Amino acid sequence: MVRVDTLATGGYSDLSDTRVFWGVQMNLIQAVDHDNDTGHYGYLFNFDYNNQSLRLYNAHKHDRAAGDPLVNDAEVLSPLGITKLDDLFVVEKLSNDKMVLRDDTLRLWFEKM
């Protein structure tokens with residue numbers, strides 16, 4: 001993730017020097033903030049994708065030793081650009097190397113590494 005826009009204020013945060021990543025495998029998205037040592041490997045989400053929307057839901061803390069517990073508080077997900085436990089994003093752009101997602105409050109900008 002390289003940038004987060006706050007829709008209500010028009011402000012933004014440049015995250016290009018951070019290490020916040022989303023990875024996709026099969027039907028899971030893993031979101032990790034490598035700059036904040038949390039003692040686990042981020043969060044795992046189920047997702048539904050169709051042409052114009054991406055829904056993230058069923059968040060679990062990726063911590064095998066603790067049994068990958070279910071997340072009950074969306075606040076822990078906010079550094080990853082996720083504001084709700086069941087979050088629906090409009091896919092504004094999707095190409096081989098860029099993705100832009102927008103929900104009710106934020107626009108998330110991604111670039112492939």
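Start at 1 with the first residue, then count along the sequence. The model shown is predicted, which means the values in this text are computed figures rather than measured ones.
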Do [X] and [Y] have side chains that get closer than 4.5 Å, going by heavy atoms?
{"X": "N27", "Y": "N46", "answer": "yes"}
{"X": "L88", "Y": "S53", "answer": "yes"}
{"X": "T83", "Y": "L106", "answer": "yes"}
{"X": "L108", "Y": "V100", "answer": "no"}
{"X": "N58", "Y": "V71", "answer": "no"}
{"X": "I29", "Y": "Y43", "answer": "no"}
{"X": "M26", "Y": "L28", "answer": "no"}
{"X": "D68", "Y": "K61", "answer": "no"}

Transitive ILVMFWY side-chain link [X] to [Y], under 4.5 Å:
{"X": "L56", "Y": "V90", "answer": "no"}
{"X": "F21", "Y": "M99", "answer": "no"}
{"X": "V2", "Y": "L80", "answer": "no"}
{"X": "L77", "Y": "Y57", "answer": "no"}
{"X": "F45", "Y": "L85", "answer": "yes"}

(request) Check side chain to side chain donor-acceptor pair (under 3.5 Å) between T105 and all other residues, then give those that pass, not counting sequence neighbours. (result)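 With neighbours one apart ignored, the set is D103.
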
(request) Answer yes or no: is there an ion pair linking D97 with K112, defined by an N-O contact shorter than 4.0 Å? (result)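 A salt bridge is absent here (no side-chain N lies under 4.0 Å from a carboxylate O).
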
(request) Please step through side chain to side chain contact (heavy atoms under 4.5 Å, CB included) for the pair D104 and K84, ending with a clear verdict. (result) CA-CA 10 Å; D104 297 343; K84 300 177 196 109; 3.1 Å; yes

(request) Quick one: do H34 and V20 satisfy side chain to side chain contact (heavy atoms under 4.5 Å, CB included)? Show the steps, please. (result) CA-CA 6 Å; H34 288 290; V20 176; over 6 Å; no

(message) Could you report the tightest heavy-atom contact between D14 and S16, atom names first, then the distance?
(response)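 Minimum heavy-atom contact is OD1-OG, 2.7 Å.
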
(message) Could you report the tightest heavy-atom contact between T18 and M1, atom names first, then the distance?
(response)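 Looking at all heavy atoms of both residues, the shortest contact is OG1-O, 4.2 Å.
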
Sidechain-backbone polar pair: [X] side chain, [Y] backbone, donor-acceptor under 3.5 Å:
{"X": "Q30", "Y": "Q25", "answer": "no"}
{"X": "D35", "Y": "R19", "answer": "yes"}
{"X": "D87", "Y": "I82", "answer": "no"}
{"X": "S78", "Y": "E75", "answer": "yes"}
{"X": "T6", "Y": "A8", "answer": "no"}
{"X": "W109", "Y": "L15", "answer": "no"}

(message) Taking salt bridge (charged side-chain N to carboxylate O under 4.0 Å, His left out) as the definition, give me every residue that meets it alongside D5, ordered by chain and number, with sequence neighbours left out.
(response)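 Here the qualifying residues are R3, R107.
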
(request) Flag yes if more than 12 heavy atoms outside Y12 fall under 6.0 Å of its OH atom; otherwise flag no. (result)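 No.
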
(message) Around atom CG of D17, are there more than 12 heavy atoms from other residues, nucleotides or ligands closer than 6.0 Å?
(response)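 For D17, atom CG is not crowded (no more than 12 foreign heavy atoms under 6.0 Å).
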
(message) Measuring from atom NZ of K98 to atom NZ of K93, what distance do you get when rounded to the nearest 0.5 angstrom?
(response)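 With rounding to 0.5 Å, NZ (K98) is 6.0 Å from NZ (K93).
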
(message) Once you measure the plane-to-plane angle for F110 and W22, does it fall in the parallel (<30°), tilted (30-60°) or perpendicular (>60°) bin?
(response)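 Tilted: the ring planes of F110 and W22 meet at 30° to 60°.
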
